[in-house]
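Small disclaimer: the values here were computed from a predicted structure and weren't measured. The first residue in the sequence is number 1, and the count goes up from there.
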Amino acid sequence: MQPRLYLSREQIPGALVTTLFALFVVMLPRYTDTAKTWFVLLILGVAIYLARNWRQLRQTSRLERVFFAVLVGNFAWIAFCYYANGEPGRGSSFLWGRHFYLLFLIPLFYLFMRFEISDRTVVLILFCSAAVSLTDISVDLLRGIDHRLQGMNPNAFRPIQLCLSGIPFFYFLKLPRSALRWIALGGAAIGVSTVFLSLSRTTLITAMVLSVFIGFYLSRSLPAWKRGAIVAGILVLFVSSYSIPVINKRIDDVTANVSTYFASDDHRGRSRLGSFGKRMELWKTGWKIFLENPVTWVGVGGFKVMAKANFRRYEVNRYVQRKKYAHNQYIAALATRGIPGLVLFLLVLSLPLYIALSHRAADWQAETARLALMFICLVYLIGCLGEDHFEGKSATMFVAVFVALLLARLGPGESGQARASPA
């Protein structure tokens, strides 16, 4: 029988969704500006789809509706704090060009629920994304170019690449024996190599903590001594990475930076200009902004305005006046939108985690999606201690697309309503 070389009219929308998703995922880590184009086209398609299929909005569980309400409330509160503070600095681009993107998680959820992307396709896309990233980094290394300064902002690249490594690893664990299973493992291994090449201390610590957690979680049915052996093996693997010269140098550098920072009380000195010192000065600035504005806060875009105006009074290094962010998402939330903003941000990441933890997977596909969703939420909950990922575009786009995809793959909600059939 001759294979069919064309798509039916009913298959075209699903194929288009899959193509845009693939282009976004493959391009995002190293060709971020191009990936933004595919993201915009994807959300435009979402708008058209929902305008024609608005009845699908009722096909959600109670927890999903609560989560969507939190997403809307989070954006509304950020917008309120921004406008209530007189639209400070570059806050408009932060509000509408970054935080706004997270709202598209809601329509993307319905889109992926209707047009399901097969597991085989997802694995192949993730493998291609990791391969493109590693190839691009290798070319930069061969040319003597600092690969960390190419493509996506390095602080945003690291957690995204860690997530794109974890998802195929869960496919490897759960897929039935097949060639696809080994492709998934290859994608995970390539992805992990790019994480190590990023030389990010925060992401390496996040990976270590998560590896221990995942090791315990996946081996929870085993005897205690076996769980302990698995965790010990993971820790030995990470400790042994210290013998790799580039990682050894990064760890030694941060140790020296910490010692230098605490050896001096002079906030104007060079002891504040190491990687650790800069972070501490930014965190201190964000915390003081929060304490001085406990009712009105300062709104997104206000961090740089306040730092520039008050760095002398705050007794922090003048370096902080050049930065737009606090490099800690929790402090950034407190400084720009207060305790309500912090609570809402925590709910944005904690509710999908709770949904995944409480979901009983009916098959290996749902179990893979559940583990991947937990992993993404934990990567950002931990990683946001050292960075303010959600003040940038990359994390909001990535989380909007992948949390929507994985939530849609978990299956019917507690409402009992059947999901729409995949295209």
Q) Taking it one step at a time, do Arg158 and Val195 satisfy side-chain contact (heavy atoms from CB on, under 4.5 Å)? A) CA-CA 6 Å; Arg158 297 152 185 166; Val195 173; 5.9 Å; no
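- Screening residues 320-348 for ring-ring contact (aromatic ring centres under 6.0 Å, His included), with sequence neighbours left out, gives Phe94-Tyr325, Tyr330-Phe345, Phe345-Phe390.
- Counting non-hydrogen atoms of other residues, nucleotides and ligands closer than 6.0 Å to CH2 of Trp283 gives a total above 12.
- Listed by first and then second residue, the side-chain hydrogen bond (donor to acceptor under 3.5 Å, both in side chains) pairs that reach into residues 25-34 are Arg30-Asp136, Arg30-Asp140, Tyr31-Asp136, Asp33-Lys36, sequence neighbours excluded.
- The minimum heavy-atom distance between Ala366 and Leu410, with the atom names listed, is O-CD2, 3.6 Å.
- When all heavy atoms of Asp388 and Ala326 are compared, the pair lying nearest together is OD2-N, 3.0 Å.
- Note that the CD atom of Glu367 and the CZ atom of Arg370 stand 4.0 Å from one another [nearest 0.5 Å].
- Nearest heavy atoms, Leu353 versus Cys377: N-SG, 3.8 Å.
- Shortest non-hydrogen contact noted between Ser193 and Leu134 is OG-CD1, 3.8 Å.
- Between the Arg181 side chain and the Phe172 main chain, a donor and an acceptor come within less than 3.5 Å of each other.
- Put simply, CG on Leu175 and CG on Asp119 are 7.0 Å apart, with the number rounded to the nearest 0.5 Å.
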Please output the side-chain donor-acceptor pairs of residues 67-84 that fall under 3.5 Å, not counting sequence neighbours, one pair per line with the distance.
residue : atom : partner : partner atom : Å
Trp77   : NE1  : Arg337  : O            : 2.8
Tyr82   : OH   : Ser92   : N            : 3.2
Tyr83   : OH   : Trp96   : NE1          : 3.0

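- Applying the salt bridge (Lys or Arg N to Asp or Glu O under 4.0 Å) rule to pairs touching residues 316-326 yields nothing, sequence neighbours excluded.
- Legend: side-chain hydrogen bond (donor to acceptor under 3.5 Å, both in side chains) pairs involving residues 393-402, not counting sequence neighbours: none detected.
- Across every non-hydrogen atom of Ala307 and Ile289, the tightest pair is N-CD1, 4.4 Å.
- We find the NE2-CG distance between His359 and Leu407 to be 10.0 Å, quoted to the nearest 0.5 Å.
- Between the side chains of Gln329 and Glu387, not a single donor N or O lies within less than 3.5 Å of an accepting N or O.
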Which donor-acceptor pairs under 3.5 Å do the side chains of residues 15-28 make with protein atoms, sequence neighbours left out?
residue : atom : partner : partner atom : Å
Thr18   : OG1  : Gly14   : O            : 3.0
Thr19   : OG1  : Ala15   : O            : 2.8

Q.
Does Arg272 form a salt bridge (Lys or Arg N to Asp or Glu O under 4.0 Å) with Asp266? I'd like the steps, not just the answer.
A. CA-CA 8 Å; Arg272 274 30 182 185; Asp266 182 11; over 6 Å; no
